[in-house]
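Order of appearance sets the numbers: ligands from 1, and atoms from 1 within every ligand. No experiment lies behind these values; they were computed from the predicted model shown.
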Amino acid sequence: MNTDQIVRTFTEYYEERGHRRMSGSTLLPPPGDPVLFTTSGMHSLTPYLEGRPHPLGRRLVNVQRCLRTTDLSEVGDRTHLTVFEMLGTWSLGGYEGPQSLDWGYGLLTEGFGIDPGLLHVTVFGGDEQVGPDTGSLDLWQDRGVPVELTVEDNWWSNGPTGPCGPDSEIFLWTGDTPPRSTPTRDDRWVEVWNHVMMHYRRLDDGTLVPLPQRNVDTGLGLERLQSLLQGRSSVFECDVFDPWRRLVPPLWQLDVPSLRLVCDHLRSSVVVIGDGVRPSNTGRGYVLRRLVRRVLTVLRRDDPHRGLGDLSKELVRHTLDRFGQDLDPDVVRQVLLDEERRFDLLLQRGRQVLSGRRFRGPLSEDDFHYLHDTHGLPRDLVLTLRPPQ
Ligand code: SER
């Protein structure tokens, strides 16, 4: 199945079970939301998880683009992307967690044809505030799926306060051998789907109170699922990266982790620009700036003449189309080129400052602070100009 077929199979499966599809999928969360970018499908739903009736009813399904920068240092491995699409379902005070898990199991095994013997799940084992999630445990035992109980790994929250609850995560075995060990002990178990029993709200003082209704919130990463269903070794083998894998390697020769990082960050930058963000020194604009500068730092490491002017318009257009963004690819390229020019000016200044007498020896923490606060030179960039000896 390609990603479009997966999306169709997923949404139809849930529509047949009374879910209504929500449209709209910007990376910019609604006003008042504490996060800079949408990191999961639940952002736009917070008021409804807290009890406000949703105009489409109690059962919802959607495809939400998300951006996660918490895992930035892991991009380049097999499973992490900064921008990805999340398939999501919700029960807003409707059916309970075991029903959600049962449908999820049915879709994975019958709808997507996954061998049930390759699944393992984790379930919340209870802590001093909330008891073990026996409903999920019973369901999985009934279905014969092995369960690992954890505490922190099976508690989902969107931040220090707000809706939260125990979750049950479904993992797929990706090893060459028959499945062994458990998800927390062997990373060949890759998480595919998280079902959160969103029953609580955490208050400012850290206490938990029950939400007015018991919700279920599930999220399944599209690119990860597609590559796993194809038996591929990484998310970068997903079909949405086909043109990237074709066009980027002839342009820039990079080792595998660097190639992945460059493709991921450029693709994310295009989507972020497509949602209306422009580079700046604060907030969302700063996230975009970091993404572009990380790409430039990697590209320039081996060859100072590499630049974003070589980036194919086809890649920009392909990405904008994929995310249904109505922006001229030339506008996106211009934003990237302007940012590259600013980065080059910064590099020039950095070289000049670092050639000063004060910086001849190894750099101290004070030097890094001074370079950042007085000259606007971030640590990454200083380290690029002056790798530690
Ligand atoms: N909100 C949960 C997650 O992001 C499930 O959608 O994993």
Side-chain angles (χ1 to χ4, degrees), residues 6-7 10-11 13-14 19 21-22 24-27 29-30 33-50 54 58-72 74 79-105 107-108 121-124 133 136 150-172 183-184 189-202 211 213-225 228 235:
I6 291 178
V7 168
F10 182 84
T11 45
Y13 181 88
Y14 280 97
H19 293 65
R21 175 144 186 197
M22 288 185 289
S25 166
T26 166
L27 282 176
D33 198 291
V35 296
L36 287 177
F37 287 102
T38 300
T39 57
S40 74
M42 62 157 285
H43 284 285
S44 58
L45 289 171
T46 306
Y48 307 102
L49 293 166
E50 298 197 330
H54 193 283
R58 290 187 183 278
R59 297 182 182 193
L60 306 173
V61 58
N62 86 344
V63 184
Q64 172 69 52
R65 57 176 169 270
C66 300
L67 184 145
R68 289 192 181 172
T69 51
T70 40
D71 301 330
L72 213 53
E74 296 181 60
T79 54
H80 288 90
L81 295 171
T82 45
V83 164
F84 62 97
E85 292 180 79
M86 176 104 97
L87 305 174
T89 66
W90 288 270
S91 158
L92 299 172
Y95 58 83
E96 289 274 330
Q99 173 66 84
S100 176
L101 295 172
D102 195 28
W103 281 335
Y105 178 77
L107 178 58
L108 289 178
V121 298
T122 59
V123 166
F124 182 68
D133 179 5
S136 300
T150 88
V151 181
E152 282 90 13
D153 286 349
N154 283 105
W155 185 268
W156 202 88
S157 67
N158 182 30
T161 60
C164 56
D167 66 19
S168 181
E169 299 179 0
I170 307 175
F171 292 78
L172 181 62
T184 65
W189 287 109
V190 173
E191 183 198 334
V192 287
W193 203 344
N194 190 11
H195 292 234
V196 186
M197 323 312 156
M198 203 71 91
H199 295 170
Y200 301 95
R201 178 195 295 144
R202 191 166 307 272
L211 284 170
Q213 65 192 24
R214 289 160 68 83
N215 309 288
V216 188
D217 154 35
T218 88
L220 183 156
L222 176 62
E223 296 83 351
R224 193 181 285 186
L225 179 69
L228 290 173
V235 274

Task: Derivation of the side chain to side chain contact (heavy atoms under 4.5 Å, CB included) call for R59 and Y14 - done: CA-CA 9 Å; R59 297 182 182 193; Y14 280 97; over 6 Å; no
Task: Protein contact of atom 4 (O) of ligand 1 - nearest heavy atom, named by residue and atom, plus distance - done: R68 NH2, 3.1 Å
- [ ] Give a yes/no verdict on whether any heavy atom in H195 is under 4.0 Å from an atom of ligand 1.
- [x] no
Task: Region of T39 engaging ligand 1 - heavy atom pairs below 4.0 Å - done: neither
Task: Contact atoms of ligand 1, heavy-atom distance to G219 under 4.0 Å - done: 5 (C), 6 (O)
Task: With T122, the side chain to side chain donor-acceptor pair (under 3.5 Å) member among T184, N154, D167, N194 - done: N154
Task: W90 and Y48: CA distance, side-chain angles, deciding distance, ring-ring contact (aromatic ring centres under 6.0 Å, His included) verdict - done: CA-CA 10 Å; W90 288 270; Y48 307 102; over 10 Å; no
Task: From CA spacing to verdict: side chain to side chain contact (heavy atoms under 4.5 Å, CB included), H19, Y13 - done: CA-CA 9 Å; H19 293 65; Y13 181 88; over 6 Å; no
TODO: Examine distances only and state if a side-chain atom of D133 and a backbone atom of V123 form a donor-acceptor pair shorter than 3.5 Å.
DONE: no
Task: Protein contact to atom 7 (O) of ligand 1 [nearest heavy atom, distance to 0.1 Å] - done: N194 ND2, 3.1 Å
- [ ] Check each atom of ligand 1 against the heavy atoms of V196 and keep those under 4.0 Å away; list them by number with element.
- [x] 2 (C), 5 (C)
- [ ] Under 4.0 Å from a heavy atom of D217: give me the atoms of ligand 1 that qualify, with their elements.
- [x] 1 (N), 2 (C), 5 (C), 6 (O)
Task: Side-chain (R65) to main-chain (V83) donor-acceptor, under 3.5 angstrom - done: no
